[in-house]
Amino acid sequence: RLVSDWSSDVCSSDLVLWIGFRVNNLSNQGSNSFIEVTENNLRDVRVHILRNFAADSHIWTQEISGAAVPIKQRPIPVAGLIFNATLPPQSDAVFIIRIDNFGPNRIHVGVLNAAEIFAEQENHNVILLAYLGALATLMLYNVLLFAAMRDRNFMWFVLHLVFLAA
């Protein structure tokens, strides 16, 4: 388990926000972890990673995500912004996240493994499915009312629900 398994909510009105933290893998196994930034309305998110794999060498890398990067090109194809935080055994890394906002945001940042990310995505999918199911039920009910009463108000409401669901 990583020492820095954590999550945090950051409220920011700044247009550029910097978040820095250190992750230590104290186990004898490699970690398969990811950094997740769950606010999707971000212009540009860059993670600068300073990895210390050996005592005498440091490796500096940068990963980019945000609205400009398609979901299929991310390390895990989910709606959140995902960055690779895999560490070999007995190593650490410093992560510095630069977030370019469109405006004030509440940003959730966490270090998770792939199973936790997929479980979170599944929970979001269930909620979305329930919402769309309720809208579909309302649409069907109002189409049946329109067919029975021929009142155009029911059809306008159905059109309203169609645009609401889209």
Following the transitive rule for hydrophobic clusters with a side-chain heavy-atom cut-off under 4.5 Å over Ile, Leu, Val, Met, Phe, Trp and Tyr, establish whether L135 and V126 coincide in one cluster.
-> no
D100 vs V45, side-chain contact (heavy atoms from CB on, under 4.5 Å): CA-CA, chis, key distance, verdict = CA-CA 6 Å; D100 190 4; V45 179; over 6 Å; no
Shared hydrophobic cluster for L128 and L138 (ILVMFWY, side-chain gaps under 4.5 Å) | yes
Residues at least two apart in sequence or cross-chain that pass side-chain contact (heavy atoms from CB on, under 4.5 Å) with F154, listed by chain then number, are N142, L145, F146, M149, D151
Between the main-chain N or O of L26 and the side-chain N or O of N24, is there a donor-acceptor pair closer than 3.5 Å?
-> no
Hey, does D92 have a side-chain heavy atom less than 4.5 Å from the side chain of V23?
-> no
Output all residues satisfying side-chain contact (heavy atoms from CB on, under 4.5 Å) with Q29, sequence neighbours left out; order by chain, then residue number.
-> S27
Do I49 and V94 come close enough that some side-chain heavy atom pair is under 4.5 Å?
-> no
Value for CD (E122) from CG (L129), rounded to nearest 0.5 Å, stands at 11.5 Å
Using a 4.5 Å cut-off on heavy atoms from C-beta on, say whether the side chain of W18 contacts that of I96.
-> yes
Measuring from L164:CG to Y131:OH, what's the distance to the nearest 0.5 Å?
-> 3.5 Å
Nearest 0.5 Å please: distance from the CD atom of Q121 over to the CD atom of E36.
-> 8.5 Å
Please examine the side chains of I97 and V109, heavy atoms only from C-beta on, and report whether any two atoms are closer than 4.5 Å.
-> yes
Value for CZ (R98) from CZ (R46), rounded to nearest 0.5 Å, stands at 6.5 Å
Not counting sequence neighbours, which residues clear side-chain contact (heavy atoms from CB on, under 4.5 Å) with V143? List them please.
-> V158
Do F157 and L140 sit in the same hydrophobic cluster, where Ile, Leu, Val, Met, Phe, Trp and Tyr count as joined when their side-chain heavy atoms come under 4.5 Å apart?
-> no
Min side-chain heavy-atom separation F95-V111 under 4.5 Å = no
Residues which pass side chain to side chain donor-acceptor pair (under 3.5 Å) with N28, listed by chain and number, not counting sequence neighbours = Q90
If you group Ile, Leu, Val, Met, Phe, Trp and Tyr by side-chain heavy-atom gaps below 4.5 Å, do W156 and Y141 land in one group?
-> no
N125 meets the side chain to side chain donor-acceptor pair (under 3.5 Å) criterion, sequence neighbours left out, with none
Say you draw a straight line from OG1 of T137 to CG of L132; how long is it, rounded to the nearest 0.5 Å?
-> 10.5 Å
Rounded to the nearest 0.5 Å, the CG atom of N84 sits from the CD1 atom of I35 at a distance of 9.0 Å
Taking N25 for its side chain and L87 for its backbone only, find out whether a donor-acceptor pair lies under 3.5 Å.
-> yes
Sorted by chain and residue number, the side chain to side chain donor-acceptor pair (under 3.5 Å) partners of H160 (sequence neighbours excluded) come out as none
